[in-house]
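Heads up, the thing below is written out as structure tokens.
Residue numbers start from 1 in every chain, and the chains themselves are labelled A, B, ... in the order their sequence lines are given, proteins ahead of strands.
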2 protein chains.
Amino acid sequence: MSATIRDVAKAAGVSSSTVSRIINNKGVISEETRDRVLKVMKKLDYVPNDTARSFANGSTSAIALVIDVIEARSFSNNFFNNSVFGIETIAHENNFNLIITNGHMQKGNTTSADKLVFGKKVDGIILPNSLISHTLIGKLNKIRFPYVVLGDPRMLDADNSWVDINNVQGGTLAVHHLVENGYKNIAFLSSGSKEIFNQDRITGYSRALNELGLPVLKERIRHCNSDVGSGLDVMSRMFQAEHPPDAAICSDYYLAVGALRAARQNGIPVPEAFGIISFDNTPVTELSEPSITTVDIDTFGLGEQAASILIRKIKDKDMSSRQILISTKIIERESTKRNRRRQDGE
Amino acid sequence: MSATIRDVAKAAGVSSSTVSRIINNKGVISEETRDRVLKVMKKLDYVPNDTARSFANGSTSAIALVIDVIEARSFSNNFFNNSVFGIETIAHENNFNLIITNGHMQKGNTTSADKLVFGKKVDGIILPNSLISHTLIGKLNKIRFPYVVLGDPRMLDADNSWVDINNVQGGTLAVHHLVENGYKNIAFLSSGSKEIFNQDRITGYSRALNELGLPVLKERIRHCNSDVGSGLDVMSRMFQAEHPPDAAICSDYYLAVGALRAARQNGIPVPEAFGIISFDNTPVTELSEPSITTVDIDTFGLGEQAASILIRKIKDKDMSSRQILISTKIIERESTKRNRRRQDGE
DNA sequence: CTAATTAATGCAACCGGTTGCATTAATTAA
DNA sequence: TTAATTAATGCAACCGGTTGCATTAATTAG
């Protein structure tokens with residue numbers, strides 16, 4: 001059907017080696033030959049067959065992103081969403097293709113990640129820490145296959161490259177922001193106890209309180225389900241305590257909205273008497289009333305970094321491993337904007 | 001490094017043809033030979049090289065999804081998000097890989113879509129109607145390359161396969177829902193005048209009003225920017241009109257929130273005196289207060305259908321083209337839940 | 001019992017690039 | 001002027017599967 005490199009060679013009166021060298025800018029080619037061949041390529045609508053190319057030089061110019069989605073239909077995670085674009089952007093700049101595959105589906109005992117790696121369909125792979133295991137990492141390391149983990153894989157002792165949001169710093173930042181705005185009794189509503197990101201945020205929260213000389217009370221740290229009802233219940237109960245908190249840091253917007261509603265139901269004005277910070281700057285936090293201050297996590301940048309490291313690793317297999325933490329920042333909104341002068345007594 | 005089919009053949013004392021036939025379940029192989037070869041494959045950790053395979057049989061078992069993202073960093077579109085999962089799910093079931101590429105970036109005068117198609121990196125392609133042109137479609141048709149368009153490509157006269165949300169039906173549905181709840185003077189806030197989906201929704205809206213014997217007033221149809229401020233301004237101005245609307249259908253949640261705030265600022269209770277429906281069932285509509293009734297669009301299903309058609313087309317190049325419209329449905333919430341008995345006078 | 005089938009497997013070409021190693025012509029050094 | 005370089009290009013093997021066409025052995029039909 002379409003022209004091959006030999007068709008071009010024949011039509012231009014050269015050998016296919018010459019055409020190949022022209023395509024790849026290798027070797028020394030005379031100007032006339034180059035021009036003639038390029039013209040023929042244009043005329044024949046010649047496009048090199050990428051598969052043949054990959055086959056010949058043993059590399060695919062493709063990377064894979066493995067995602068961790070069990071119930072695909074109900075998935076709507078903007079973490080994933082933005083990371084993908086970061087990854088795609090960098091891949092694109094480096095002339096790599098991005099393959100996306102769900103690591104949960106599998107045929108027999110091989111996951112799609114296995115198939116892509118050992119079937120040599122990709123040159124490198126990005127996988128979430130939720131999907132890694134000693135077995136898989138062991139296999140990857142054994143054949144020195146380039147990979148980068150999304151999220152700190154601290155469950156493994158191995159030395160490997162990863163990129164994560166600095167959730168410890170995020171927790172600290174949230175506390176500092178609240179304290180600067182005059183809040184002192186800060187609760188933490190986590191969306192689960194097992195997730196490393198929740199653990200890290202709590203670590204940062206506790207550390208900041210310590211540094212500021214404020215007590216870390218375990219009854220102020222609550223693990224909830226990730227839904228409004230759970231946030232509302234947990235927060236309501238905290239309001240009944242002897243020393244109720246005057247602020248809450250929430251792991252996601254569901255909990256933040258729940259906390260907001262709990263405050264309202266208890267007649268506690270936000271932000272005057274109660275401050276709220278949510279992690280993850282989503283439209284809900286922006287459009288809530290009052291709008292909710294957030295710890296913004298740069299998931300696009302996360303993807304960029306992951307892809308960037310991976311591609312460097314592909315190009316230089318001897319590159320040492322990298323661990324990158326991406327700082328968060330506060331997006332200040334109404335839910336913590338207490339009039340500081342009044343609170344500070346100035 | 002890793003074992004090839006010839007290594008396996010040698011170790012099992014057979015020819016590589018036999019091994020190939022065993023891998024692909026082709027031809028007739030004796031039980032003993034099969035067992036022996038399978039054991040050797042296991043022992044040598046043999047995995048067929050997918051690139052070599054693609055090269056040999058001229059098909060890649062991969063499809064591409066081209067996305068239309070100009071400003072990647074600020075992208076957060078759950079339309080795309082869910083569609084991808086629908087596509088990936090079906091691709092996976094059919095042993096296809098999914099490559100994602102941004103159709104906007106380009107080197108020279110070839111887009112990434114061109115490269116994937118003409119470089120034969122994929123067997124088929126899904127592309128949004130916003131990115132197609134007569135040129136591209138012409139080229140694809142010329143080489144009979146399988147493709148499916150996301151969104152009705154009615155700007156082309158060509159006969160091609162596409163999948164779209166039934167936005168006309170969505171507009172109709174929204175009107176019916178409002179009328180059933182006692183609203184009669186319904187405005188439409190569109191997020192733009194050029195987008196086909198907005199045009200279709202307005203068509204459905206107008207058609208439903210006609211059928212119900214209600215007037216279609218052009219001052220009730222407003223094209224806004226997709227932000228809260230725009231929705232608020234436009235709606236506020238409509239409230240000043242001689243015959244203000246008693247309900248609004250909004251193309252997205254920004255406009256819906258804007259309309260809601262306009263109503264509040266004008267002292268108009270929602271849903272009692274003003275009803276609001278938004279397209280696209282996102283967390284903002286669910287968590288708004290009052291919560292907002294939405295026209296739910298099944299973007300996951302959209303992706304599934306697109307991938308399904310594409311893969312069938314790849315397997316049967318002579319398949320006639322398909323056009324699929326996916327119906328919307330109402331998710332009823334507080335913003336339209338007027339007490340019907342009282343309104344109906346029952 | 002011989003001829004015609006069928007079963008099981010091997011041979012070798014092919015898919016379309018890439019690249020090490022010639023080869024030839026042109027240029028420079030001695 | 002001849003030998004040594006350098007420039008420009010060709011030859012042919014190779015990457016790892018797949019498959020049409022033998023080939024041989026075993027089975028069945030006549």
Side-chain angles (χ1 to χ4, degrees), chain A residues 1-38 40-41 44-62 95 115-123 143, chain B residues 1-38 40-41 44-62 95 115-123 143:
Chain A
M1 197 72 213
S2 41
T4 71
I5 198 170
R6 292 178 226 267
D7 296 332
V8 174
K10 193 172 297 175
V14 295
S15 72
S16 57
S17 330
T18 301
V19 180
S20 175
R21 289 184 187 112
I22 290 171
I23 295 170
N24 298 293
N25 273 312
K26 284 183 180 169
V28 193
I29 305 286
S30 72
E31 271 311 305
E32 319 114 70
T33 309
R34 181 188 306 275
D35 287 351
R36 184 155 36 91
V37 170
L38 287 174
V40 171
M41 280 171 45
L44 297 185
D45 268 331
Y46 171 72
V47 181
N49 181 319
D50 262 317
T51 303
R53 225 163 170 178
S54 295
F55 177 54
N57 58 32
S59 75
T60 63
S61 288
N95 285 311
K115 273 195 67 177
L116 289 168
V117 170
F118 300 107
K120 308 234 176 75
K121 266 220 143 175
V122 295
D123 297 340
I143 62 172
Chain B
M1 197 72 215
S2 41
T4 72
I5 198 170
R6 291 179 228 268
D7 296 332
V8 173
K10 192 172 297 175
V14 295
S15 73
S16 57
S17 330
T18 300
V19 179
S20 175
R21 289 184 188 111
I22 290 172
I23 294 170
N24 298 292
N25 273 312
K26 284 183 181 169
V28 192
I29 305 285
S30 72
E31 271 311 305
E32 320 114 72
T33 310
R34 182 187 305 276
D35 287 350
R36 183 156 35 91
V37 171
L38 287 174
V40 172
M41 279 171 45
L44 296 185
D45 266 331
Y46 171 72
V47 181
N49 181 320
D50 262 318
T51 304
R53 224 163 171 178
S54 295
F55 178 54
N57 57 32
S59 76
T60 62
S61 289
N95 284 311
K115 272 194 68 177
L116 289 168
V117 170
F118 300 107
K120 307 235 175 76
K121 266 222 143 175
V122 296
D123 296 339
I143 62 173

So, does [X] get its side chain near the phosphate of [N], meaning an N or O under 4.0 Å from OP1 or OP2?
{"X": "Lys26(B)", "N": "dT19(D)", "result": "yes"}
{"X": "Ser16(B)", "N": "dG10(C)", "result": "no"}
{"X": "Ser20(A)", "N": "dT19(C)", "result": "no"}
{"X": "Arg53(A)", "N": "dT18(C)", "result": "yes"}

Under 4.0 Å, heavy atoms only, any strand: does [X] hit a base, just the sugar-phosphate, or nothing?
{"X": "Val19(A)", "result": "nothing"}
{"X": "Ser54(A)", "result": "nothing"}
{"X": "Gly119(A)", "result": "nothing"}

[N] [atom2] sits how many Å from [X] [atom1], rounded?
{"X": "Leu44(B)", "N": "dG16(D)", "atom1": "CG", "atom2": "C1'", "value": "15 Å"}
{"X": "Asn25(B)", "N": "dG17(D)", "atom1": "CG", "atom2": "P", "value": "17 Å"}
{"X": "Ile5(B)", "N": "dC15(D)", "atom1": "CD1", "atom2": "P", "value": "14 Å"}
{"X": "Phe55(B)", "N": "dC15(C)", "atom1": "CZ", "atom2": "C1'", "value": "4 Å"}
{"X": "Lys10(A)", "N": "dG17(C)", "atom1": "NZ", "atom2": "P", "value": "14 Å"}
{"X": "Ile29(B)", "N": "dA7(C)", "atom1": "CD1", "atom2": "C1'", "value": "10 Å"}
{"X": "Glu32(A)", "N": "dT9(D)", "atom1": "CD", "atom2": "C1'", "value": "12 Å"}
{"X": "Glu31(B)", "N": "dT9(C)", "atom1": "CD", "atom2": "C1'", "value": "15 Å"}

Subject >> Opposite nucleotide pairing with dT5(D), Watson-Crick or G-U, both atom distances under 3.5 Å >> reply: dA26(C)
Subject >> dT19(C): pairing nucleotide in any strand, Watson-Crick or G-U under 3.5 angstrom >> reply: dA12(D)
Original post:
Between Arg36(B) and Asn57(B), who's closer to the 5' end of DNA chain C by nearest nucleotide?
Top reply: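 First, find each residue's nearest nucleotide; the 5'-ward one identifies Arg36(B).
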So which nucleotide from [options] ends up closest to the side chain of [X]?
{"X": "Arg21(B)", "options": "dG20(C), dG17(C), dC21(D)", "answer": "dC21(D)"}
{"X": "Pro48(A)", "options": "dG17(C), dA8(C), dG16(D)", "answer": "dG17(C)"}
{"X": "Thr18(A)", "options": "dG10(D), dG17(D), dG16(C)", "answer": "dG10(D)"}
{"X": "Arg6(A)", "options": "dC21(D), dT18(D), dG16(C)", "answer": "dG16(C)"}
{"X": "Ser15(B)", "options": "dG17(D), dG10(D), dG10(C)", "answer": "dG10(C)"}
{"X": "Val28(A)", "options": "dG17(C), dG17(D), dA8(D)", "answer": "dA8(D)"}
{"X": "Ala56(A)", "options": "dA8(D), dG16(C), dG20(D)", "answer": "dG16(C)"}
{"X": "Asn24(B)", "options": "dT18(D), dC11(D), dT18(C)", "answer": "dT18(D)"}

Minimum heavy-atom distance [X]-[Y], with the two atoms named:
{"X": "Val40(A)", "Y": "Val8(A)", "result": "CG1-O, 3.8 Å"}
{"X": "Ile22(A)", "Y": "Arg34(A)", "result": "CD1-CA, 3.8 Å"}
{"X": "Ala3(B)", "Y": "Tyr46(B)", "result": "O-CD1, 3.4 Å"}

Short side-chain to backbone donor-acceptor contact, [X] and [Y], under 3.5 Å:
{"X": "Ser20(B)", "Y": "Ser16(B)", "value": "no"}
{"X": "Ser59(B)", "Y": "Asp123(B)", "value": "no"}
{"X": "Asp7(B)", "Y": "Thr4(B)", "value": "yes"}

Subject >> Modelled atom types, side-chain donor and acceptor of Ser61(B) and Lys121(A), under 3.5 Å >> reply: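 There is no such pair between these side chains.
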Original post:
Is Ser17(B) side chain donor-acceptor paired with the dT19(D) base, going by distance under 3.5 Å alone?
Top reply: yes
